[in-house]
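So the structure is just underneath, and the comments pick up after that.
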Amino acid sequence: MICDICGLNNAVIHIEKHAGEEHSQFKVCCKCAGIEGLSPENLKEETLQKLISDLAAIHRPAKLAKCSFCGTDSLGFEKTTRVGCGRCYEDLAGSMRLARWQGSGIMKHVGRTPYRFTLAKDSFDESVNNLHKLEDDLQKCISNEQYERAAELRDRIEVLRQTLS
Amino acid sequence: MNEFLKTLSQSPLPWLKREAPLAEVVLSTRLRLARNIKGMRYPSSAASDERLEVLEAIFEASEKLPEQDCLFSYELDTLSDEERLILNERRLFCSERIFGSECGLVVEENEEYSFAVNSRDHLHIQAFRPGLQLQEAWVVLERLDDLLAQHLEFDFSDDCGFLTSSPADVGTGLKASLMVDLSGLVMTGQIGGALQASRVLGFSLTVCRESESQPIRHRYFLTTNKTLGVRELEVLDQLSSYVNDLAAVELRARAKVLADYPYRAMDSVSRAYGLLRYCWLIDEDDAVEALLTLRFGVEMGLFGELTHKMIEQALTYSLSAHLQGVLRGNLHIEDLKRARALMVRKHLKCSH
């Protein structure tokens, strides 16, 4: 899990706030906790309150996020719950995260991929299979002392390895 | 009128057929895949020329399909209101989902599937079937998705899957929607349990077309909500097994109604029959509602003299554009109501 303040380091302190219907969760890394003066010893009610309000401010974007391609902004998105283009998913990710989380628990796509991808994957699998076959042949040739054929196979394996990588 | 649309307007709605799996409870199955073209603004925010470009690209891709001879493509702007209404009534596109001009529609000859272009997303591939036919409809969509993807580059990201105009569709872009008749559960007062169970299992069960004249609703849409983090077939399997359970409960409830409160069922069905039998003027919503109630009556064996075929016919011609098509005229609302009343009575074979 990533720190909510710097967005870089792994979070080590998890703070959950449950007030009535409202639930919020913040995660902070070691470094940011140091800056905020947070440690298990001095974790007092006031520091927590301050931290939570600070974090809330971080979460609420001060400036309106706007898509660099189609110009849809976070306000427009909230109103229509529709994005204007594929780029919005990157540029408006902050305001969209909530909407997506509410919809479905798990985030990663596991369904179909476009045909092109499937095709590329199939040919990749085929090449890998070929490679294994060639390697087996090579071993056989070496044990049968057919060095000329082995050299040829070695070169083919080399080429295939390069294309695969 | 366009020849194909004319034929369409004179044939019964294919998704109402009774000879389909589990059609006693599930009236129709609808699957929809949402796709967008990479690097293009989505229809709601795109300029006219961009939308036109998308429309042309998708029409072009559809012409490369092996069955292109059986496909009919329409630019909706070029159709008359009546022609558009026919397509709308056959649920080949939904007028509320259209943002502006440059919208298109590609329909397969037998209405096996259709592509709606520039509605909410660039492309909606949809398949409509009678009864419960999730797998069958999915096979059609899967094939079309692969074929079209050879000519169109869809907006896709590894993490989020297929990107769509609504974040609720992101991932698979697949929505399945079943129209179910839960009259038995409504009459035995168990519908609350079904609503709750659906919610818990991640489906939504919503009432079909809310109209004020009918306070009690018997037909519902059961739709899937999950598009992210789950495979297409997984969702469809879950829906299929849930709707099978739901249908079993519904059929038990119907048997209970017949055994314990037969008058409840008789009352609602006979009222519907009375309305259709004796009305002089009737509007579309009321006619459709009454006919679907009658369908339930036939299902329960309460009306020996009526058949499903008659009801299918009557339903088709109680839809305004289909009725206008048969009458070959542009009638005023009141004349249309009168014509509808007569047409329904004719198909139900009752004299007046």
Side-chain angles (χ1 to χ4, degrees), chain A residues 1-2 7-8 21 59 61 64-126, chain B residues 33 35-47 50 97 99 120-122 138 141-174 202 204 224-236:
Chain A
M1 273 192 254
I2 302 294
L8 293 171
E21 287 286 295
H59 273 262
L64 216 59
K66 200 168 181 179
C67 172
S68 57
F69 181 60
C70 70
T72 305
D73 56 27
S74 46
L75 214 66
F77 169 71
E78 274 167 30
K79 215 180 278 170
T80 59
T81 67
R82 281 181 186 279
V83 300
C85 67
R87 173 68 70 83
C88 292
Y89 283 97
E90 289 162 31
D91 291 0
L92 303 181
S95 38
M96 208 145 23
R97 194 162 49 176
L98 242 178
R100 257 164 44 193
W101 272 358
Q102 279 165 349
S104 49
I106 316 156
M107 288 296 292
K108 180 103 173 102
H109 175 64
V110 292
R112 282 166 66 77
T113 49
Y115 186 65
R116 247 179 267 261
F117 285 40
T118 329
L119 207 66
K121 195 180 166 302
D122 285 352
S123 70
F124 181 81
D125 290 348
E126 206 182 307
Chain B
L33 267 185
R35 297 286 184 258
N36 285 288
I37 293 170
K38 204 179 167 102
M40 294 288 215
R41 272 181 269 235
Y42 296 165
S44 56
S45 62
E50 223 170 336
R97 297 201 182 127
F99 284 105
R120 283 188 176 166
D121 293 290
H122 288 148
W138 173 241
L141 291 194
E142 203 177 20
R143 178 179 150 271
L144 289 169
D145 186 31
D146 279 348
L147 286 174
L148 290 174
Q150 292 176 29
H151 309 291
L152 301 166
E153 192 177 351
F154 293 138
D155 222 349
F156 180 83
S157 93
D158 281 340
D159 280 344
C160 300
F162 290 97
L163 302 180
T164 52
S165 77
S166 162
D169 292 335
V170 162
T172 58
L174 175 72
S204 52
T224 55
N225 291 328
K226 274 187 231 155
T227 54
L228 200 56
V230 62
R231 278 173 217 284
E232 292 86 350
L233 273 176
E234 229 173 288
V235 175
L236 296 182

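Order of the sequence lines sets the chain letters (A, B, ...), proteins ahead of strands, with each chain counted from 1.
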Separation of B/Phe162 CZ from B/Asp169 CG (nearest 0.5 Å): 13.0 Å
Proximal component of B/Asp155, with respect to chain A [non-hydrogen, under 4.5 Å]: side chain
Scanning both residues in full, the closest heavy-atom pair of A/Arg82 with B/Ser166 reads NH1-CB, 3.5 Å
Which one of B/Lys38, B/Met40, B/Glu142 has the most heavy-atom pairs closer than 4.5 Å to chain A? B/Glu142
Which one of A/Cys67, A/Cys70, A/Gly84, A/Gly76 has the most heavy-atom pairs closer than 4.5 Å to chain B? A/Gly84
For B/Thr172, enumerate each residue passing the side chain to side chain donor-acceptor pair (under 3.5 Å) test, keeping only those at least two apart in sequence or located in another chain. none
With a cut-off of 3.5 Å and sequence neighbours excluded, list every side-chain donor-acceptor pair involving residues 229-236 of chain B.
from     : atom 1 : to       : atom 2 : distance (Å)
B/Arg231 : NH1    : A/Val110 : O      : 3.0
B/Glu232 : OE1    : A/Arg112 : N      : 3.2
B/Glu232 : OE2    : A/Arg112 : N      : 2.9

